[in-house]
There are 2 protein chains.
Amino acid sequence: MKHEHLLKHHQLKATPQRLAIIQLMHYAGHIGIDELYQEVRKKFSSISLATLYKNVHTMLDVALIREVKIPGHKTKYEISKESHAHILCKSCGELKDVPLEPVSLLQKSIDISHYKVEEVSVVISGICPECQKK
Amino acid sequence: MKHEHLLKHHQLKATPQRLAIIQLMHYAGHIGIDELYQEVRKKFSSISLATLYKNVHTMLDVALIREVKIPGHKTKYEISKESHAHILCKSCGELKDVPLEPVSLLQKSIDISHYKVEEVSVVISGICPECQKK
DNA sequence: GTATTTGCAAATGATTTGCAGTGCT
DNA sequence: AGCACTGCAAATCATTTGCAAATAC
């Protein structure tokens with residue numbers, strides 16, 4: 001119901017395929033096309049890759065979801081939410097959100113530029129605490 | 001000469017193709033595969049796309065260059081240098097570097113995570129001062 | 001009922017690979 | 001000389017398109 005409303009709020013029809021996609025993104029946090037396809041098929045075996053691509057594009061266009069692009073990795077997608085950074089472990093591959101107040105933390109850089117800032121994307125990569133122990 | 005040294009320092013052979021690629025990246029700041037191909041051909045008409053891809057990969061592997069991935073845009077490449085943020089104008093498309101001291105600016109987020117940080121990638125997008133005037 | 005969305009198959013675009021010949025060190 | 005690199009053509013992988021049938025509202 002919650003997800004149906006998300007779609008309608010963006011004037012998109014709430015098809016079961018779209019609901020499945022959103023549900024998975026919500027559950028996974030960040031997910032790539034391939035994994036998304038594998039997973040959606042489990043609940044919705046008839047879905048086609050073309051439909052998946054079309055819907056991902058449609059949802060990107062209305063900013064219901066966002067691309068997460070990480071150097072050295074395939075694009076992942078996430079449901080739009082408050083601004084946050086992404087932190088990736090180069091050892092185990094886990095990708096997590098971390099809190100971030102970009103406007104204040106990056107203020108110096110932004111001030112210098114005099115840009116009207118609309119979006120900030122931050123990806124931090126390194127080794128997570130668990131992998132450091134090994 | 002400077003660029004030849006760059007290659008040798010990473011134990012790569014200094015072929016004219018590679019020198020041309022590095023020279024262009026250095027000149028352009030950030031450049032995508034297609035533009036790189038068009039430009040390299042002007043000086044080096046025999047170069048193949050395959051060679052371009054192979055060299056870009058090779059140089060990424062040794063971290064001589066870096067990927068710059070921006071939501072909604074094709075990957076660009078740049079020569080590795082001190083940490084900095086990228087700022088993109090959504091109106092005119094210009095991509096610039098801006099100074100950034102990621103470790104200190106992002107310290108709060110990083111502290112929380114306990115990660116051993118190796119790399120920070122920041123992309124800010126918005127409207128540049130010139131485009132705001134229009 | 002109408003406009004949108006789906007799924008298929010085919011088209012297009014992007015990147016990679018194998019291999020024979022060439023060129024760096 | 002020997003290994004790495006280049007260029008070509010073909011293979012592979014990723015994404016998009018057109019269209020008829022199905023579905024949301």
Side-chain angles (χ1 to χ4, degrees), chain A residues 1-24 31-62 64-77, chain B residues 1-24 31-62 64-77:
Chain A
M1 205 64 224
K2 191 176 115 201
H3 294 155
E4 188 174 335
H5 182 258
L6 242 192
L7 285 163
K8 295 198 175 152
H9 183 255
H10 291 278
Q11 12 279 354
L12 298 178
K13 291 188 175 172
T15 66
Q17 290 87 338
R18 285 175 178 169
L19 289 169
I21 291 169
I22 294 180
Q23 191 179 129
L24 271 164
I31 193 166
I33 284 283
D34 297 340
E35 197 186 340
L36 194 49
Y37 186 52
Q38 303 309 327
E39 294 298 319
V40 178
R41 295 200 112 198
K42 288 183 184 170
K43 289 281 175 187
F44 220 102
S45 62
S46 69
I47 200 173
S48 69
L49 246 189
T51 296
L52 195 49
Y53 275 110
K54 283 172 189 166
N55 279 327
V56 163
H57 257 141
T58 303
M59 295 187 206
L60 279 173
D61 285 344
V62 299
L64 194 164
I65 63 174
R66 287 210 186 149
E67 289 182 313
V68 182
K69 292 189 151 195
I70 304 173
H73 293 261
K74 292 197 66 179
T75 300
K76 288 187 162 26
Y77 301 91
Chain B
M1 202 65 222
K2 192 176 115 201
H3 294 156
E4 188 174 334
H5 182 259
L6 243 192
L7 285 163
K8 294 194 175 155
H9 183 255
H10 291 280
Q11 13 277 354
L12 299 179
K13 291 190 176 171
T15 66
Q17 290 87 339
R18 284 176 179 169
L19 289 168
I21 291 169
I22 294 180
Q23 192 180 126
L24 272 163
I31 193 166
I33 283 282
D34 297 339
E35 197 185 341
L36 194 49
Y37 186 53
Q38 303 308 329
E39 293 299 320
V40 177
R41 294 199 113 198
K42 288 183 183 168
K43 290 279 173 189
F44 220 102
S45 63
S46 68
I47 200 174
S48 69
L49 246 189
T51 297
L52 194 50
Y53 275 110
K54 283 172 189 167
N55 279 327
V56 164
H57 257 141
T58 303
M59 296 186 206
L60 280 173
D61 285 345
V62 299
L64 195 164
I65 63 174
R66 286 209 187 152
E67 290 182 312
V68 182
K69 292 189 151 195
I70 304 174
H73 293 261
K74 290 196 67 178
T75 300
K76 288 186 161 28
Y77 301 91

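Naming: A, B, ... by sequence-line order, numbering from 1 per chain.
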Peer 1: Would you say dT6(D) has OP1 or OP2 under 4.0 Å from some side-chain N or O of S46(B)?
Peer 2: no
Peer 1: Compare the minimum distances between each of dC25(D), dG7(D), dT15(D) and the side chain of A14(A), then state the nucleotide with the smallest one.
Peer 2: dC25(D)
Peer 1: dT6(D), OP1 or OP2 - any side-chain N/O from T15(B) closer than 4.0 Å?
Peer 2: yes
Peer 1: Please work out which residues in residues 50-58 of chain A have a non-hydrogen atom less than 4.0 Å from an atom of DNA chain D and list them by number.
Peer 2: A50(A), Y53(A), K54(A), H57(A)
Peer 1: Q17(A) has a side chain; which of dG7(D), dC25(D), dT6(C) sits nearest to it?
Peer 2: dT6(C)
Peer 1: Quick one: L49(B) CG to dG13(C) C1', roughly how many Å, whole number?
Peer 2: 11 Å
Peer 1: Starting from C1' on dT5(C), measure out to CD on E4(A) and report it in whole angstrom.
Peer 2: 16 Å
Peer 1: Enumerate donor-acceptor pairs with a distance under 3.5 Å from any side-chain N or O in residues 38-50 of chain B to protein atoms, sequence neighbours excluded.
Peer 2:
from   : atom 1 : to     : atom 2 : distance (Å)
E39(B) : OE2    : K42(B) : NZ     : 3.2
R41(B) : NE     : Y37(B) : OH     : 3.2
R41(B) : NH2    : Y37(B) : OH     : 3.3
S48(B) : OG     : T51(B) : N      : 3.1
S48(B) : OG     : T51(B) : OG1    : 3.0

Peer 1: Take the protein atom CD1 of I21(A) and the nucleotide atom P of dT6(C), then report the distance between them rounded to whole Å.
Peer 2: 8 Å
Peer 1: Write out a two-atom table: protein N or O, nucleotide N or O from nucleotides 2-4 of chain D, distance below 3.5 Å.
Peer 2:
from   : atom 1 : to     : atom 2 : distance (Å)
dC3(D) : O2     : K13(B) : NZ     : 3.4
dA4(D) : O4'    : K13(B) : NZ     : 3.0

Peer 1: Can you list everything that forms a salt bridge (Lys or Arg N to Asp or Glu O under 4.0 Å) with D61(A)? Sequence neighbours excluded, please.
Peer 2: none
Peer 1: Excluding sequence neighbours, so at least two apart, what forms side-chain contact (heavy atoms from CB on, under 4.5 Å) with H57(A)?
Peer 2: L60(A)
Peer 1: Separation of K74(B) atom NZ from dT15(D) atom P, in whole Å?
Peer 2: 11 Å
Peer 1: Return the value, rounded to whole Å, for the distance between atom CD1 of I47(A) and atom P of dA22(D).
Peer 2: 18 Å
Peer 1: Per the side chain to side chain donor-acceptor pair (under 3.5 Å) rule, what does the pair list look like for residues 9-18 of chain B, sequence neighbours excluded?
Peer 2: R18(B)-N55(B)
